[in-house]
Amino acid sequence: MCGIVGYIGQREAYPIILKGLKRLEYRGYDSAGVALIGNNKLNVYKKKGKVAELEEYAVGKDVHANIGIGHTRWATHGEPSDRNAHPHISNNGAFALIHNGIIENYVLIKQELVKKGYTFKSDTDSEVLLNFIEDIKKNNNCTLEEALRIALKRVVGAYCILLIDVNDPTTIIAARKGSPLVIGIGKNEHFLASDASPIIEYTKEVVYVNDYEIAIVKSDELILKNLGNEKQTPYITKLDMDLAEIEKGGYEHFMLKEINEQPDSIYDCLRGRLLLHDGKIVMSGIEQNIEILKNAPRIIIVACGTSWHAGLIAEYVFEELCRTPVEVEYASEFRYRNPVIHKGDVIIAISQSGETADTLVALESAKEKGAFIFGVVNAVGSSIARLSHAGAYTHAGPEIGVASTKAFTGQLTVLIMMALKIGYAKATITHERYIQLMKDLESVPEKVKEILKDTTNIQHIANKYKDASDFLFLGRGYNFPIALEGALKLKEISYIHAEGYPAAEMKHGPIALVEEKLPVLFVATKDSYYQKIVSNVQEIKARKGKVIAVATADDNVIPNMANDVMFVPDADEIIAPLLSVIPLQLLSYYVGIAKGYDVDKPRNLAKSVTVE
Ligand code: F6R
C-alpha cells in the first residue's frame with residue numbers, strides 16, 4: 001500500500017522520482033505527489049489520480065532539484081483527493097513528509113496538537129505525524145532527526161516515512177517499521193524506494209532497512225541508527241533482477257505479460273531443484289531443516305488472497321503426500337484469535353510480495369510463541385523472507401499486475417516440490433509415485449505453453465459472458481481452490497460478482513441461485529472426483545444454468561454437456577491445478593478488457609497490502 005521514492009545526489013531528482021512512482025503505481029493509485037528542494041525553496045506538487053495526472057499537472061512548474069521525495073497513494077485515512085495526497089507540509093512550512101502505513105493513535109496526537117494551535121489541511125494520519133515531529137523539534141530545540149526519533153517512540157502503527165527539511169537540502173531522513181524501505185547506493189547519490197524496481201536501472205547495490213531503524217541519507221553518506229540512536233552497520237545486498245523483467249516487453253498489460261511468462265517462471269522455479277535424472281529434489285531450506293519438517297505434528301499455512309488459495313491446494317497435497325495434518329488460515333484471522341501453537345508446529349507463510357501486513361503480523365506472533373516459520377515468498381529480501389527461519393523463493397520474477405498470476409503458479413510449484421521432498425523423506429509416498437510426480441511436474445511448462453498457444457476460444461467465451469451480473473465457480477478436490485481463485489480473479493478484474501464453491505456443497509444452498517442467466521463455471525478435469533462432478537454438471541443443466549467447463553483435452557463427456565469448454569492437457573490430479581488455473585486467469589483478463597477496465601490497476605486495490 002502506497003509507494004514511496006526518494007533521491008539525493010547530483011542529478012535532477014524529479015524525473016527519477018516520477019519514473020520510480022510509475023514503477024510503484026501497483027502499490028496504490030489514488031493520488032500522487034512530489035516534494036523537491038531547489039534554490040532553497042520547497043516545491044510540492046500533488047494530484048488526485050494516477051502518476052500520469054501528476055506529471056501533466058507539473059508541466060511548466062519549477063521542478064529543478066537534486067533532492068526530492070515522491071508518493072503514490074492507496075487511501076486509508078481520508079478519501080482520495082488532492083488535499084489528502086502526499087507529501088504533506090508541516091505548519092511551519094519547512095518540512096515535507098511522505099508515509100506508507102497507518103498511525104493508529106493519530107486521533108489522540110491530533111487532539112493535543114489542535115489544542116496547541118496546529119491546523120491541518122488533510123484528513124490523514126500522516127500529516128498529524130509530521131506536525132507532531134515539528135512540535136517536538138520546537139519544544140526540545142533539537143535536530144529533526146532527534147525529533148523524529150522521539151515521535152516514533154510515541155506512535156503506534158506501521159510506517160515507512162521519508163522526511164526533508166527546506167533548511168537542509170543535503171539530507172533525507174527515513175524510517176521504517178512494518179512497511180518496506182530499500183536504499184540504493186550510487187556514486188555520490190542515493191535512491192530510496194518501497195521496493196527495488198525504481199532503483200534497479202541506476203544501481204544494483206542496495207540496503208534493506210530493518211524495522212525500528214532510521215536512515216540519514218546524504219548524497220555521499222548513509223548512516224543507519226536504531227531508535228536508541230546507536231549506529232547500525234548497513235548490510236549491502238546485490239540485486240538479482242534486471243530492468244527488462246519489470247517492463248511490459250511488448251504486451252499491452254502486465255497481467256497478460258505475466259500470464260504468458262508462466263512457462264518460463266514455472267521452469268525457473270523448477271530449475272536446479274527438480275533433478276529428475278538423479279531422482280532428487282534439491283531445496284536447501286528443506287534439507288537443512290528436514291527433521292523439523294518431517295516430525296512436525298501439524299503444519300499451519302498462513303496467507304491472504306490468492307496466496308491463501310495456493311495454501312488450500314497445499315493442504316490437500318501435504319496431507320496426501322506427507323500424511324501431516326494441515327490447517328490453512330487467513331492471516332488476519334489467525335493473528336487475532338490467539339491461536340494454539342504446539343511445540344514442533346511448522347508454519348508455512350505464503351506471500352508474493354513478502355510485505356503483506358496481515359501475514360507479517362501473524363508470523364511475528366507465531367514466532368514469539370516458538371513456531372518454526374518456513375517462507376514461500378516471491379520478493380527476494382522482503383520482510384517475510386527475512387522473518388522466516390527458512391524458506392524457498394518462488395523465482396517468478398517481479399509481478400507488477402495487481403492480480404496475482406505467475407506468483408500463484410510459482411507458489412504451487414514450490415509447495416508441491418516441498419511436499420514431494422518431505423513425503424519421500426518420511427516414506428509416506430512410494431518411489432514410483434515420487435518419480436511419476438516429478439516427471440509430471442517437469443512437463444508443466446510445456447503444457448502451460450500449449451494452453452497459451454491459442455486463446456481465441458477463451459476470448460470468445462469472455463465476450464459471450466461479459467455482461468453477466470453474477471458467476472458461480474465450482475470445483476472439487478484439488479480443483480476446489482482453483483474455483484475460488486477463478487472467482488477472485490473475475491471479481492477483481494471485471495467487477496462481476498462471482499462466488500467459488502465446492503461443487504458438491506452447491507446443493508446445500510447456492511443452487512437456489514441457478515437460472516438460465518447464471519453462468520456456472522466448472523473446473524472439471526479428469527481426476528478421482530470426475531464422475532461426481534459430471535453429476536454436479538447435470539444438476540446445473542437440469543435447472544437451465546449456463547455451463548462453462550475447464551476440461552481435460554481428451555474428455556468427450558463434459559464437452560457434450562457444457563455450453564462452452566476450455567481445454568487443458570491431461571495431468572496427475574496433484575499437478576492439474578497448475579494447468580486448470582491458466583484459462584481462468586485468461587478469462588478474467590479478457591472479460592476485464594472487453595468491459596474496458598484497467599486490468600493492471602483494478603479499482604480500490606493495491607498490489608502490496610501493507611496495512612492490517
Ligand atoms: C489477488 C491478489 C491478492 C494477494 C493478497 C496477498 O490477485 O493478488 O489477493 O494474493 O493480497 O498478497 P501477498 O501474496 O503479496 O502476500
Side-chain angles (χ1 to χ4, degrees), residues 1-3 24 26-28 74 178-180 194-195 197 253-256 258-259 262 301-314 328-335 347-363 373 375-388 391 393-394 396-412 414-415 473 481-482 484-495 498 500 581-582 584-589 591-592 597-612:
M1 305 269 150
C2 301
L24 290 182
Y26 71 85
R27 300 178 67 89
W74 186 84
S179 303
S194 302
D195 73 28
S197 59
H253 298 99
F254 281 113
M255 183 176 175
L256 189 60
E258 287 157 6
I259 291 173
Q262 289 176 109
I301 298 179
V302 178
C304 304
T306 288
S307 299
W308 186 82
H309 295 155
L312 269 189
I313 297 172
V328 189
E329 301 274 359
Y330 284 115
S332 51
E333 291 297 315
F334 180 68
R335 161 74 177 89
I347 303 234
I348 299 180
I350 310 174
S351 176
Q352 186 288 126
S353 62
E355 301 294 347
T356 301
D358 286 325
T359 311
L360 201 51
V361 177
L363 295 183
I373 318 272
V376 176
V377 174
N378 193 37
V380 176
S382 56
S383 302
I384 294 174
R386 286 183 294 145
L387 188 121
S388 303
Y393 283 117
T394 44
E399 192 180 67
I400 313 277
V402 164
S404 191
T405 53
K406 64 174 180 169
F408 176 74
T409 46
Q411 291 164 347
L412 283 185
V414 164
L415 291 160
F473 283 72
I482 294 299
L484 295 181
E485 175 59 7
L488 176 66
K489 286 284 96 88
L490 192 71
K491 270 186 272 216
E492 61 182 336
I493 299 302
S494 70
Y495 315 147
V581 74
I582 310 283
L584 303 189
Q585 295 171 343
L586 286 162
L587 181 70
S588 66
Y589 172 79
V591 173
Y597 296 142
D598 184 348
V599 293
D600 279 341
K601 301 188 192 82
R603 73 179 174 214
N604 302 335
L605 287 168
K607 182 84 187 148
S608 184
V609 186
T610 54
V611 292
E612 276 185 75

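Indexing begins at 1, ligand by ligand and atom by atom, following the structure's order.
Judged purely by distance below 3.5 Å, without hydrogens or angles, the side chains of Thr306 and Glu485 pair a donor atom with an acceptor atom. Of the N and O atoms on the side chains of Glu355 and Ser382, not one donor lies less than 3.5 Å from an acceptor on the other residue.
In terms of protein heavy atoms, atom 12 (O) of ligand 1 is closest to Thr356 OG1, 3.4 Å.
Residue contacts with ligand 1 for Thr359 are absent, since no atom lies close enough (heavy atoms, distance under 4.0 Å).
Taking only non-hydrogen atoms, the option from Thr306, Asp358, Val302 nearest to atom 10 (O) of ligand 1 is Thr306. For atom 1 (C) of ligand 1, the candidate residues are Glu399, Glu355, Glu492; the nearest heavy-atom contact is made by Glu492.
Using 4.0 Å as the threshold, Asn378 has no heavy atom nearer than that to any atom of ligand 1. In this structure, His309 has no heavy atom closer than 4.0 Å to ligand 1.
Remark: ligand 1 and Gln411 share no N or O pair separated by less than 3.5 Å (distance only, no angle test).
Ring pair His253/Tyr589 is perpendicular by interplanar angle, where above 60° counts as perpendicular and below 30° as parallel.
The side-chain heavy atoms of Val591 and Ile493, taken from C-beta on, include no pair separated by under 4.5 Å.
Counting atoms of ligand 1 from 1 in the listed order, those under 4.0 Å from a heavy atom of Val402 are 8 (O).
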